[in-house]
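In what follows, a single structure is set out as structure tokens and then discussed.
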Amino acid sequence: MSRVSSTPSANSTARALLQRLRDHGIETVFGVVGREAASILFDEVPGLDFVLTRHEFTAGVAADVLARITGKPQACWATLGPGMTNLSTGVATSILDRSPVIALAAQSESHDIFPNDTHQCLDSVAVMRPMTKYAAELQRPNEITDLVDSAIGAAMTEPVGPSFLSLPVDLLGADVDPSLQHPPARTPERPIGAVAKDWEDAAAQAAELLRGAEHPVLVVGASAIRSGAVPAIRALAERLRIPVITTYIAKGVLPHGHELNYGAVTGYMDGILSFPALETMFGSVDLILTLGYDYAEDLRPSMWQRGIEKKTVRVSPTVNPIPRVYQPDVDVVADVLSFVEYLDAASTDVSAKTPHDISALRDRIAEFLADPETYADGMRVHQVMDAMNTVMSESAEDGEGTIVSDIGFFRHYGVLFARADQPFGFLTSAGCSSFGYGIPAAIGAQLARPGQPTFLIAGDGGFHSNSADLETIARLNLPIVTVVVNNDTNGLIELYQNLGHKRSHQPAVKFTGVDFTELARANGVEAVKAASREELLAALRKGVGLGRPFLIEVPVTYDFQTGGFGALAV
Ligand code: TP9
Ligand code: MG
């Protein structure tokens with residue numbers, strides 16, 4: 001049975017959809033097309049490209065990262081049924097990691113939507129609604145432009161996140177009324193957030209607390225970056241000498257080597273370093289100003305509740321969604337930039353503070369990174385990170401470069417040790433943390449920052465869960481330098497076995513060896529193995545100079561010491 005009725009016209013719904021996406025500034029649609037190809041061609045609208053991926057999850061994450069870096073909405077596409085469900089983990093990433101992604105999926109013909117009965121037909125809106133800001137199915141062709149506008153508006157409202165449109169294939173091919181008048185596309189320049197009527201009163205209380213504080217810190221989350229507050233935060237921190245601590249994904253608010261950059265927080269840091277890192281970071285702090293605080297970024301209040309009693313100020317463009325877990329002394333529901341500007345003006349007479357001393361933590365980190373040992377059973381991940389940092393600082397212009405991390409135990413080494421010299425200079429998925437994130441995130445990063453080096457660190461488990469998109473990297477000839485840290489194990493899960501049971505159960509975490517260099521070559525990516533610091537440094541330098549994709553496989557071993565992981569509350 002043919003499901004294709006006629007050749008789509010210049011007034012097709014598909015074309016109107018693509019034109020409206022373009023009008024909202026979208027230039028790329030990532031995805032996999034199915035039988036709706038009969039009704040839509042992605043080259044019909046000038047300035048809009050389609051990037052074919054091997055898996056829809058890749059499409060979702062590439063759009064997520066491109067949106068995160070550009071601050072603009074981005075789009076991904078899937079066919080109906082299994083395409084849509086494959087895309088759903090990308091959508092889950094965008095809701096938990098806060099990215100304005102417009103997720104689009106074809107649907108059965110409008111007269112044939114019997115979810116769970118029609119071929120490939122699922123109730124897509126029902127699947128997507130709980131993890132989107134907005135989800136709708138097109139009912140009438142003439143409404144396509146309105147649906148795109150609604151999807152964009154919802155996606156750009158804090159907490160920013162994905163919107164979903166389900167598009168019956170017959171309607172995609174049908175005509176819209178060309179005489180319909182639409183207002184110009186209005187894409188918010190920045191996310192739109194909640195502002196409490198009394199926010200300035202709350203901000204005045206925050207200024208009072210700052211005045212009296214001896215050792216305040218700024219704890220910065222990603223919505224501070226989204227609000228455009230980074231230069232203002234830096235100026236305030238430098239004038240009043242207030243240290244800046246970030247979540248995983250807000251690294252880079254201050255450049256890596258800045259004296260007031262006290263680093264990012266992960267619940268794994270005490271365990272990795274065998275050192276009371278959280279105590280050192282927060283023990284003597286008496287005031288915590290959380291700028292753009294977002295619980296999804298996995299910096300939990302329990303992590304800062306160390307040492308002396310402290311006051312807390314929550315600044316966020318959302319109403320506190322977790323009042324039981326985070327009970328701030330002052331709650332400022334407002335735009336982060338507006339708050340920082342207010343605080344700056346309200347504290348002109350406040351003299352500079354004395355930053356609390358974290359030199360013991362810095363020494364411990366430096367000691368780790370410099371680890372001179374040659375290990376017969378594989379490099380240690382901190383040595384790998386040190387080599388990546390070295391070559392990144394050699395090859396990137398000041399304030400440039402991106403280190404992307406897939407999900408695994410190594411990711412927490414990245415949070416602790418990776419250079420980030422610009423906001424989103426270190427990319428990982430804090431909220432969703434789906435393994436396999438690395439390749440698509442690196443694709444998004446390299447497309448967003450074409451002139452800058454992109455390094456990807458991934459584990460064997462996560463990388464091979466989504467390695468088919470190596471071919472996408474090769475096809476697009478993206479100069480991404482990938483380091484696969486290979487222990488033939490889902491290492492983070494082995495750590496949890498050890499934490500929970502004091503032993504591991506190998507069948508649940510061990511793989512047979514995969515040769516990642518052969519895998520890379522089979523996909524058109526040049527690759528080498530590196531087993532020591534010297535070999536890795538040489539390979540990274542070669543890779544970064546190539547101007548095309550390159551992969552380095554590094555055998556690694558973790559030393560599982562289970563002490564110090566108390567913050568994980570296993
Ligand atoms: N399934 C998905 C989609 N995502 C996650 N995060 C899991 C399962 C649970 N996590 S992090 C991880 C798992 C299975 C294993 C990572 O192993 P790796 O080889 O990529 O890294 P490493 O260094 O920990 O061995
Ligand atoms: Mg592994």
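Whatever order the structure lists them in is the order used to number ligands and atoms, beginning at 1.
Q383 places a side-chain N or O within donor-acceptor distance of the main-chain N or O of D371, the cut-off being under 3.5 Å. Between the E56 side chain and the A78 main chain, no donor and acceptor come within less than 3.5 Å of each other.
Under the 30°/60° scheme for interplanar angles, the aromatic rings of F417 and Y413 are found to be tilted. Aromatic ring pairs are classed by plane angle as parallel below 30°, tilted from 30° to 60° and perpendicular above 60°; the pair F565 and Y268 is perpendicular.
A salt bridge links R98 and D294; the closest N-O separation between the charged side-chain nitrogens and carboxylate oxygens is under 4.0 Å. Using a cut-off of 4.0 Å between Lys/Arg side-chain N and Asp/Glu carboxylate O, E158 and R226 are scored as salt-bridged.
In terms of protein heavy-atom proximity, atom 20 (O) of ligand 1 is nearest to G462 N, 2.7 Å. The closest protein non-hydrogen atom to atom 22 (P) of ligand 1 is G491 N, 3.5 Å. With hydrogens left out, the protein atom closest to atom 21 (O) of ligand 1 is F410 CE2, 3.4 Å, a heavy atom. Summary of contacts: the protein heavy atom closest to atom 23 (O) of ligand 1 is Y558 OH, 2.5 Å. Looking only at protein heavy atoms, the nearest one to atom 15 (C) of ligand 1 is N490 OD1, 3.4 Å. Protein heavy atom at the shortest distance from atom 1 (N) of ligand 1 is F435 CE2, 3.6 Å.
Looking at heavy atoms from C-beta onward, Y262 lies out of side-chain contact with L254 at the 4.5 angstrom threshold.
Angle subtended at the Mg ion (ligand 2) by T489 O and N487 OD1: 90°, rounded to 10 degrees.
Atom numbering of ligand 1 starts at 1 in the shown order; those under 4.0 Å from a heavy atom of G408 are 11 (S), 16 (C), 21 (O), 24 (O). Within ligand 1, counting atoms from 1 as listed, the ones closer than 4.0 Å to a heavy atom of T489 are 17 (O), 18 (P), 19 (O), 25 (O). Set against the non-hydrogen atoms of F409, the atoms of ligand 1 under 4.0 Å away are 22 (P), 23 (O), 24 (O). Listed by number with element, the atoms of ligand 1 under 4.0 angstrom from any heavy atom of S434 are 3 (C), 4 (N).
At a 4.0 Å heavy-atom cut-off, ligand 1 touches N487 through the side chain alone.
Ligand 1 is never approached by F463 to a heavy-atom distance shorter than 4.0 Å.
Within D460, the N, O or S atom at minimum distance from the Mg ion (ligand 2) carries the name OD1.
With distances taken over non-hydrogen atoms, the option nearest atom 9 (C) of ligand 1 out of N466, I407, I493 is I493. Taking all heavy atoms of S433, A92, G461 into account, the minimum distance to atom 6 (N) of ligand 1 is reached by S433.
To the nearest 0.5 Å, atom CZ of residue R475 and atom CG of residue D469 are 7.5 Å apart. Here the CD1 atom belonging to I225 is positioned 11.5 Å from the CG atom belonging to L291, to the nearest 0.5 angstrom.
Checking only distances, V485 never comes within under 3.5 Å of ligand 1, N or O to N or O.
Under the side-chain contact (heavy atoms from CB on, under 4.5 Å) test applied with S405, the options T428, L456, L427 reduce to a single match, T428.
Residue side and main chain included, D488 places no N/O/S atom under 2.8 Å of the Mg ion (ligand 2).
With no hydrogens or angles considered, a side-chain donor-acceptor pair links T454 and Q446 at under 3.5 Å.
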